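Treat the numbers as computed from the prediction; the structure is a model and nothing was measured.
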Amino acid sequence: MPQNLIYRHIWWNGPAALNQSNVKVVQPYYLQDDQLPEMRTCLSLVVPPLRDFQKANELDKALKLIVCLVQNEALQPELHALKNGGTHRLRSLQPFVDPVDGILRVGGRVKKAFIPYDSRHQMLLPAKHPVTEVLIHHEHLNNLHVGQRALLAIVRERFWPLQAKNTIRKVIKQCIPCFRANPMKTTQLMGDLPSYRVQPSPAFFHTGVDYAGPFLIKSLIQARKSMITKGYICLFVCLSTRAIHLELVSSLTTDAFLTTLRRFTGRRGPVSKIYSDNATNFVGAEAELEQLYTLFAIEHHITQLTEFCGGRSITWSFIPPRSPHFGGIWESGVKSVKHHLKRVIGNQKLTFEEMSTVLVQIESVLNSRPLTPCSDDPTDLTAITPAHFLVGRQMQAIPEPSYTTMKLSTLSRWQLGQVIQQHFWKRWLVEYLSGMQNRQKWFKRTKIKEGALVLINDPNVPPMQWQLGRIIKTHPGDDNAIRVVTLRTANGANVSGV
């Protein structure tokens, strides 16, 4: 209660200990201004960055120590020979041991050049050593994946690796971005020629077909006005005699192609089998050739083509996708036709009739080119050409028996004509066929296994955008060499040539 407060002694007098004489009174302690944390002077220390001279000096010392250890490990015979005055394999470089850091350096002949000391006397590095490869790989990355010659020049600004070119080639070969930017295409042993390339048969009995173009065609509508349209060249090539037949096509439609095929078979006779590029080879080569891909891809065109060929006992065969070397014979023919067209018409725009005339003349020139050089016989004044197989044969001719062993006096005029034609086939077998014996490239067999992860070569996109695929099935040829495989990609499975 408040009225009881008057009787509380401790309230009015405090604790009894305060009244004792032996109690010490502590004076308050006051901090000075310079002792307050907020007022105290501080010293800040900053750690220098890696580019600072002292830090870089430490890295340089570490690098030289590593090089010294590597040399003591891998170049011990050379160091021992230098110490004892013996001979060694590096005498062309005039090496010496640096008295400052103990590193074996190149002596060379450029001591008086105004270049840094490390560039005048490079540090020697052994060949096939992990440290050498790491240093070269480091410079390769720092210099944005430069090529072999540029990388060699950069490395030799400070180091002198032994067998440097081999090591640089190995480093660049193992660099994944460099491989994807410039991949090495897998090749297989060059295959044997198929039977239709090495056996006598009527001209164009086995035919390859390809398109070239587009070319600008001038269409006369009025006397003073003309319209420019596109035209295409359809090339047919005989796979045994290399004879060429050219047709000018007005458009990439099914009807235009079938009428072209009718004109060809009507003038050149029956055809047993036709070979052509796969439709995917036309995609992206040129913008206009995408129309050709569309032509070969639509079901209506395939149906009409099948009906046309089926009624004439013609078999149509496509080569594997992304393998133009399977059709090198018609690719070579297209190249020859373009060669003459560029020199004949240049930038001129011809009418359809004029262009057709030029193509017939070019066809005549190409069919007159020698398949083989003239023989050594001084009485032989001619060379075997495709034109020899196009003249003297009826369009519906059937194979004739051989008359070469019979006396000429016993032969009829018809049989005499057949003897002349069989003479050219005999020369074809002796002269032309023997010249196709050698393999010009692709001499080794390549092992291709199912399940391997591969990079798909697509000429229509940059190498860095090529798809990855896995081989799910292989298709060996007659010689058990694998040149066609089935790949599975993110878009599904498809067949491709090697």
| Criterion side chain to side chain contact (heavy atoms under 4.5 Å, CB included) on L453 and R470, from CA distance to verdict | CA-CA 5 Å; L453 189 65; R470 192 171 296 278; 3.8 Å; yes
For atom [atom1] of [X], is the number of surrounding heavy atoms from other residues, nucleotides or ligands below 6.0 Å larger than 12?
X: I176; atom1: CD1; answer: no
X: H129; atom1: NE2; answer: yes
X: H145; atom1: NE2; answer: yes
X: K64; atom1: NZ; answer: yes
X: R91; atom1: CZ; answer: no

I need the [X] [atom1] to [Y] [atom2] distance, nearest 0.5 Å.
X: E78; Y: L93; atom1: CD; atom2: CG; result: 10.5 Å
X: H206; Y: T241; atom1: NE2; atom2: OG1; result: 11.5 Å
X: T474; Y: I482; atom1: OG1; atom2: CD1; result: 4.0 Å
X: F96; Y: Q94; atom1: CZ; atom2: CD; result: 11.0 Å
X: I471; Y: E450; atom1: CD1; atom2: CD; result: 8.5 Å
X: N367; Y: L246; atom1: CG; atom2: CG; result: 8.0 Å

| message | Run the side chain to side chain contact (heavy atoms under 4.5 Å, CB included) test on L104 and L79 for me, step by step, so that the C-alpha distance in whole Å, both residues' side-chain angles and the decisive distance to 0.1 Å come before the verdict. | response | CA-CA 8 Å; L104 184 63; L79 292 171; 4.0 Å; yes
Taking [Y]'s backbone N and O only, do any of them form a donor-acceptor pair with [X]'s side chain (distance below 3.5 Å, no angle check)?
X: T489; Y: G469; value: no
X: R120; Y: K111; value: yes
X: H121; Y: V106; value: yes
X: Q174; Y: V171; value: no
X: Q71; Y: L124; value: yes
X: S336; Y: S332; value: yes

Identify the two heavy atoms, one from [X] and one from [Y], that lie closest to each other, and give their separation to 0.1 Å.
X: I172; Y: G147; value: CD1-C, 3.9 Å
X: P77; Y: A74; value: CD-O, 4.5 Å
X: I217; Y: M355; value: CD1-CG, 3.9 Å
X: E247; Y: T260; value: CB-CG2, 3.5 Å
X: C68; Y: D101; value: SG-O, 4.4 Å
X: D98; Y: Y117; value: OD2-OH, 3.0 Å

| query | Going through the checks in order, is the side chain to side chain contact (heavy atoms under 4.5 Å, CB included) test met by L69 and V131? | reply | CA-CA 11 Å; L69 293 174; V131 173; over 6 Å; no
| query | Between R105 and D118, is the closest basic N to carboxylate O distance under 4.0 Å? | reply |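 So D118 pairs with R105 through a salt bridge.
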| query | Mind checking what makes ring-ring contact (aromatic ring centres under 6.0 Å, His included) contact with F264, not counting sequence neighbours? | reply |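 For F264 the ring-ring contact (aromatic ring centres under 6.0 Å, His included) partners, ignoring immediate neighbours, are F204, F236, H245.
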| field | Residue of the set V155, L125, L162 for which side-chain contact (heavy atoms from CB on, under 4.5 Å) holds with T132 | value |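 Exactly one option meets the side-chain contact (heavy atoms from CB on, under 4.5 Å) with T132, and it is L125.
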| When you look at L63 and L135, which way does the side chain to side chain contact (heavy atoms under 4.5 Å, CB included) test go after all the steps? | CA-CA 10 Å; L63 176 62; L135 286 173; 4.1 Å; yes
